[in-house]
2 protein chains.
Amino acid sequence: MKDSLDRSAWVSAGLAALADKGLDAVRVERLAADLNVTKGSFYWHFRDRGDLLAMMVEAWRTSATTDIITRVEAKASDPADRLKTLFATVLRADGRLEMAMRDWAARDAGVGAVVAETDARRVAYVEALFASIGVPAAEAGARARFTYQALIGQFRMGVGAAEDRAREALEIILPLMSRP
Amino acid sequence: MKDSLDRSAWVSAGLAALADKGLDAVRVERLAADLNVTKGSFYWHFRDRGDLLAMMVEAWRTSATTDIITRVEAKASDPADRLKTLFATVLRADGRLEMAMRDWAARDAGVGAVVAETDARRVAYVEALFASIGVPAAEAGARARFTYQALIGQFRMGVGAAEDRAREALEIILPLMSRP
DNA sequence: CCGCGTCAATACGGCAGCGTATGGAGGACA
DNA sequence: TGTCCTCCATACGCTGCCGTATTGACGCGG
């Protein structure tokens, strides 16, 4: 008997499949094969596929709300450095899970609400950073939202090498968005 | 006997299902039901589902490459007005098909190549507009790409009412991105 | 040793969806 | 009328996937 799995192993496997191939690839029997067990194990841990999906959303919510902000805060202390770190981190991240969640959110109102809440927190954080570096109050929100949209949008872009996009965003766009 | 369908009716139905519910919803029997026929008709017109999918990509490529540019060009004549029209048009568009194509592109290299080509043309158009209004050559490309990313990204955003986002982008962001 | 709880394997039946084969309907033309 | 072509309906068999039921394996404690 191998080491036994717990629920979190299944949730991780589900999120990996989601990120890699989309929601349609999150299949009970496929995940079981990925984990080298059979679906008996799955049904011991979960009522049905919907149960797993709900737990996946919750797991994503927990990590997504605080992950990027915590990392940026840990790495830099003044707002300008934090903005730079935020850009650098997002622009070099693998956005597949992020975008798979958004694809899912577009089709499921419950998931949509979770993503909206996450977006609101992140945008508020960016806005506060912009305000801290002297961007006028009348513009900080708009710039934060536009910036956030661009950072999300670049995960689904078919032009430009990722490294080039990161460099130009740091050298050209961030200074532009930061103007007082 | 009802009026007979041709291939394009099937392709349109496929694109509608894709936009509305994602690639997984593009199903032969479901499309047949949507069109009030049975799958016998489908298999007269197409070899298999893959045949339909390929034609859908081609149809999207044809329309996506020229659609937005043609509309903007028809509606406005000077570059500043064209930029404004571009923003206004995209920000008020239903981006579901656009994003469904991107979701698909993320998982299929062939589709990814089509989307990349489309993106390149659109970004080049935006860049040319920026250059025409006096944005420095060293910055026009970066600004065009970032702007394009943000316009794409806003289709998958969970914050802000669409109309508010459009207004603030037109009044605050476009002027900022247009600075010489 | 036995009982219990945790965890997992397997068999089963049902459904969605696919592609193939076959026959039907309608229209145009000789 | 018969033939041909275009288009479509239906039946069929197969596969993937789901959830349920049943049994087995293992570890722990009394």
Side-chain angles (χ1 to χ4, degrees), chain A residues 1-60 97 100-101 103-104 106-108 110-111, chain B residues 1-60 97 100-101 103-104 106-108 110-111:
Chain A
M1 178 67 76
K2 292 161 295 196
D3 285 351
S4 60
L5 304 172
D6 59 8
R7 282 186 153 202
S8 68
W10 284 96
V11 170
S12 295
L15 289 171
L18 172 66
D20 196 31
K21 299 193 176 68
L23 186 60
D24 187 47
V26 182
R27 293 288 152 191
V28 173
E29 288 176 330
R30 281 201 232 173
L31 293 183
D34 291 344
L35 292 167
N36 284 300
V37 293
T38 65
K39 64 186 174 178
S41 174
F42 175 84
Y43 287 106
W44 166 257
H45 292 281
F46 301 90
R47 199 184 57 249
D48 55 22
R49 181 170 174 267
D51 198 8
L52 169 69
L53 295 183
M55 289 195 66
M56 282 162 59
V57 174
E58 202 49 43
W60 183 81
L97 180 57
M101 287 304 305
D103 303 342
W104 186 3
R107 319 223 181 272
D108 182 306
V111 180
Chain B
M1 177 70 74
K2 292 159 297 196
D3 284 352
S4 59
L5 303 172
D6 59 8
R7 282 188 153 200
S8 69
W10 285 97
V11 170
S12 296
L15 289 171
L18 171 65
D20 196 31
K21 299 193 175 72
L23 185 60
D24 187 47
V26 182
R27 293 290 150 191
V28 174
E29 288 176 329
R30 279 199 233 175
L31 293 183
D34 291 345
L35 292 167
N36 284 302
V37 292
T38 65
K39 64 185 175 178
S41 174
F42 174 84
Y43 287 105
W44 166 257
H45 293 282
F46 300 91
R47 198 184 57 250
D48 55 22
R49 182 170 176 270
D51 197 8
L52 170 68
L53 295 182
M55 289 194 66
M56 283 162 58
V57 174
E58 202 48 42
W60 183 80
L97 179 57
M101 288 302 305
D103 304 341
W104 186 4
R107 317 221 182 277
D108 182 306
V111 180

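Numbers restart at 1 for each chain; the letters A, B, ... are given by sequence-line order, proteins then strands. Not measured: the values here are computed from a predicted model. Every heavy atom of this structure was used, including side-chain atoms; hydrogens, water molecules and symmetry mates were not.
Remark: DNA chain C forms stems of 3 or more consecutive Watson-Crick or G-U wobble pairs, all pair distances under 3.5 Å, at C:1-30 with D:1-30.
B/Asp20 meets the salt bridge (charged side-chain N to carboxylate O under 4.0 Å, His left out) test with B/Arg96; sequence neighbours excluded.
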Start with the C-alpha gap between B/Val26 and B/Leu15, add the side-chain angles, then the distance that decides, and say whether side-chain contact (heavy atoms from CB on, under 4.5 Å) holds. CA-CA 8 Å; B/Val26 182; B/Leu15 289 171; over 6 Å; no
Evaluate side-chain contact (heavy atoms from CB on, under 4.5 Å) for B/Val28 paired with B/Tyr43, printing each intermediate quantity in order. CA-CA 9 Å; B/Val28 174; B/Tyr43 287 105; 4.0 Å; yes
Worked check of side-chain contact (heavy atoms from CB on, under 4.5 Å) between A/Val111 and A/Trp60: CA-CA 10 Å; A/Val111 180; A/Trp60 183 81; over 6 Å; no
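Atom C1' of nucleotide C/dA8 and atom CZ of A/Phe46 are separated by 14 Å, given to the nearest angstrom. For the pair A/Leu31 CG and C/dA8 P, the interatomic distance rounds to 14 Å; values are reported in whole Å. Atom C1' of nucleotide D/dC7 and atom CG of B/Asn36 are separated by 16 Å, given to the nearest angstrom. A/Phe42 has its CZ atom 11 Å from the P atom of D/dT20, to the nearest Å. Atom pair A/Asp6:CG and C/dA8:C1' shows a separation of 14 Å (rounding to whole Å applied). Note: CG (A/Asp51) to P (D/dT20) measures 12 Å, nearest angstrom. Atom CD of B/Glu29 is separated from atom C1' of D/dC8 by 15 Å (rounded to the nearest Å).
Checked by distance alone, B/Lys39 brings no side-chain donor or acceptor within 3.5 Å of a matching partner on the base of C/dG17.
Residues A/Asp51 and A/Arg7 are paired through a salt bridge, judged by an N-O separation under 4.0 Å between the basic side chain and the carboxylate.
For B/His45, no side-chain nitrogen or oxygen approaches OP1 or OP2 of D/dT6 to under 4.0 Å.
Considering only side-chain atoms of A/Ser4, the nucleotide from D/dG19, D/dA9, C/dA8 that sits closest is C/dA8. Comparing atom distances between the B/Arg49 side chain and each of C/dG19, D/dG19, D/dA9 picks out C/dG19 as nearest. In the set D/dA9, C/dT6, D/dG19, the nucleotide with an atom closest to the side chain of A/Trp44 is C/dT6.
Taking for each of A/Val28 and B/Ser41 the nucleotide of DNA chain D with the nearest heavy atom, the 5'-most of the two is the partner of B/Ser41.
When heavy atoms are screened at a 4.0 angstrom cut-off, A/Tyr43 is found touching base atoms of the nucleic acid.
The closest side-chain heavy-atom distance from B/Trp104 to B/Leu18 is below 4.5 Å. A heavy-atom distance below 4.5 Å is not found between the side chains of B/Leu5 and B/Phe42.
Using cut-offs of 30° and 60° for the angle between ring planes, the B/Trp10 and B/His45 rings count as tilted.
At distances below 3.5 Å, not a single donor-acceptor pair connects side-chain atoms of A/Ser41 with backbone N or O atoms of A/Val37.
Listed by residue number, the members of residues 19-27 of chain B with any heavy atom below 4.0 angstrom from DNA chain C are B/Arg27.
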